[in-house]
Protein chains: 2
Amino acid sequence: MATGAILDAAQEVFSRSGLEGGSLRAIARRAGCDPALIYYHFANKEALFLALVDRRLPPLGADLERLAADPGPGNLETRLWAVLETFRRHLGEDLGFRTLLRGQVAQGTDSVRNAVEHHLRRIATPVSQILCQGMASGEVRKDLDPLLTTFFILRMHLEILDLFPSLGGRLTGMRGPRALEQARRTWLEFVLRALAPPSPPEVRP
Amino acid sequence: MATGAILDAAQEVFSRSGLEGGSLRAIARRAGCDPALIYYHFANKEALFLALVDRRLPPLGADLERLAADPGPGNLETRLWAVLETFRRHLGEDLGFRTLLRGQVAQGTDSVRNAVEHHLRRIATPVSQILCQGMASGEVRKDLDPLLTTFFILRMHLEILDLFPSLGGRLTGMRGPRALEQARRTWLEFVLRALAPPSPPEVRP
DNA sequence: CGCATAATTCAACATCTGTTGAATTTCCCG
DNA sequence: CGGGAAATTCAACAGATGTTGAATTATGCG
């Protein structure tokens with residue numbers, strides 16, 4: 001039994017029931033092994049959760065760093081949409097994992113929060129760099145805090161992924177499979193209006 | 001033992017440990033009664049949670065409806081800040097309750113989601129009305145979905161309240177007791193830029 | 001007081017929880 | 001095949017969980 005198989009099972013169980021609600025016995029049952037085996041591979045429940053995060057977040061951070069390092073031909077809208085799409089690819093299908101992670105950041109143990117914070121910094125930094133590049137090219141107004149703005153952009157995008165299917169869609173009346181993408185697009189337009197400098201931008205590619 | 005005392009205890013316990021994690025025995029201990037008494041006043045754990053929501057959210061909705069019904073002398077910025085302040089007054093000190101509520105909306109039982117959705121509709125409607133009034137007065141661009149925009153404004157504001165103390169502040173380097181209010185102010189300015197109509201607004205009060 | 005009714009507690013149910021130390025199986029290498 | 005190490009299981013701990021039916025206490029009223 002590879003540790004990866006246990007992580008797979010842990011991800012499914014934690015995603016459905018949360019960190020406290022998901023039991024090691026349920027994970028072991030899904031992985032097809034004894035609960036005690038989990039303690040052979042991981043020190044305890046918390047270490048199991050952190051291993052899950054360690055497996056999941058670094059690839060996202062790496063993709064974002066690649067996006068920030070290569071300005072490419074696109075304008076700001078194209079680049080930010082690529083950021084949002086990267087998030088959707090990595091975390092889009094996993095409401096449970098996102099909820100789990102957010103819950104631990106907001107209310108988790110200090111040790112868990114510290115461990116997760118390190119990953120989140122690696123995720124936020126490249127996006128804020130993209131914003132700074134936009135400031136340099138005149139596409140973004142210069143009186144913004146790049147990291148706080150990054151927090152706005154990314155966190156609301158995740159909120160759309162989390163809540164729009166169950167809540168936002170029913171409140172706004174937007175339905176169907178395209179509704180989610182439309183809401184994300186609308187959010188990006190909202191962001192671009194807020195980022196735009198006071199005077200029309202001079203294109204300097 | 002009034003049902004209100006049990007609700008007080010339930011709020012504290014659920015806020016700290018969540019719906020599944022918070023035990024009826026812990027609630028009873030804090031309320032100073034036997035666990036079985038809770039079943040005399042409430043059908044089960046879920047009904048207890050819904051009674052908590054029923055006690056907490058309607059006053060917020062009522063305050064917002066008052067804000068929407070009385071345009072007053074203020075401009076859009078003043079009115080939206082009043083909305084955010086109303087949220088802060090009602091829910092600002094209670095991270096646990098906000099987390100609990102959001103978790104149930106995102107991943108709760110269908111019956112819980114339906115019950116909560118009704119309250120949220122009463123909260124979102126007056127804010128979207130304020131946006132519509134802004135459209136009529138030329139302060140807000142007219143090509144926006146009022147409810148989706150309301151979702152953006154309110155949800156991100158709650159995210160700031162939830163995550164900024166533990167995460168946002170440490171990522172951005174903003175510290176101290178004024179940092180939270182500054183972040184909320186920054187968010188409002190962000191929103192106002194995104195709402196502003198293309199041409200400078202004609203003031204028609 | 002006496003009594004009906006409301007409020008509260010007791011005791012128990014079966015089941016689940018994270019964790020651990022010892023016992024067992026599986027595997028690989030000589 | 002032999003043996004040592006790695007992988008896996010067993011059994012148990014002490015306690016918590018939501019819920020319920022019966023038993024008990026408190027309350028209000030005539």
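Here is the naming used below: chain letters follow the sequence lines, and residue numbers restart at 1 for every chain.
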Could you work out, with ring-ring contact (aromatic ring centres under 6.0 Å, His included) as the rule, every residue matching B/Phe190, not counting sequence neighbours?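 Partners of B/Phe190 under the ring-ring contact (aromatic ring centres under 6.0 Å, His included) test: A/Phe152, B/Trp187.
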Residues in contact with DNA chain C, drawn from residues 15-28 of chain A - heavy-atom cutoff 4.0 Å: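 By residue number: A/Gly22, A/Ser23, A/Leu24, A/Arg25.
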Strand contacts (DNA chain C) in residues 36-53 of chain B, 4.0 angstrom heavy-atom criterion: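 Per residue number, the list reads B/Ala36, B/Leu37, B/Tyr40, B/His41.
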Residues two or more places apart in sequence or in another chain: which of them pass side chain to side chain donor-acceptor pair (under 3.5 Å) with B/Arg184?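 Result, side chain to side chain donor-acceptor pair (under 3.5 Å) vs B/Arg184: B/Glu85, B/His157.
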Check salt bridge (charged side-chain N to carboxylate O under 4.0 Å, His left out) between [X] and all other residues, then give those that pass, not counting sequence neighbours.
X        : answer
B/Arg55  : B/Asp8
A/Arg122 : A/Glu65
B/Arg175 : none
B/Arg30  : B/Glu12

Nearest non-hydrogen partners of A/Ala31 and A/Ala5, listed with the distance: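 Looks like CB-O, 4.3 Å.
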C/dT25 P sits how many Å from A/Met1 CE, rounded?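 Atom CE in A/Met1 sits about 18 Å away from atom P in C/dT25.
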Within the distance-only criterion (no hydrogens, no angle test), does the side chain of B/Gln107 pair as donor or acceptor with the backbone N or O of A/Ser15 below 3.5 angstrom?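 Flag set: sc B/Gln107 to bb A/Ser15 pair under 3.5 Å.
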So does A/Arg102 pair up with A/Asp162, basic N to acidic O under 4.0 Å?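 Looking at A/Asp162 together with A/Arg102, the answer is no, because their closest N to O distance does not fall below 4.0 Å.
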Is the shortest side-chain N to carboxylate O distance from A/Arg185 to A/Glu189 below 4.0 Å?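 No, this pair does not count.
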Close residues, residues 101-111 of chain A, relative to DNA chain D [heavy-atom separation under 4.0 Å]: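 None - not one residue of the stretch has a heavy atom sitting under 4.0 Å from the strand.
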Check every nucleotide of DNA chain D for an atom under 4.0 Å from a heavy-atom of chain A, then give the first and the last such nucleotide from 5' to 3'.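 Using the under 4.0 Å cut-off, the span is D/dA6 to D/dA12.
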Tell me, which pairs form a side-chain hydrogen bond (donor to acceptor under 3.5 Å, both in side chains) where one or both residues lie in residues 38-51 of chain B, sequence neighbours left out?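 side-chain hydrogen bond (donor to acceptor under 3.5 Å, both in side chains) check on residues 38-51 of chain B returns B/Glu46-B/Ser111.
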According to side-chain contact (heavy atoms from CB on, under 4.5 Å), who are the partners of B/Ser17, at least two apart in sequence or on a separate chain?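 Testing B/Ser17 for side-chain contact (heavy atoms from CB on, under 4.5 Å), a comparison that skips the adjacent residues, returns none.
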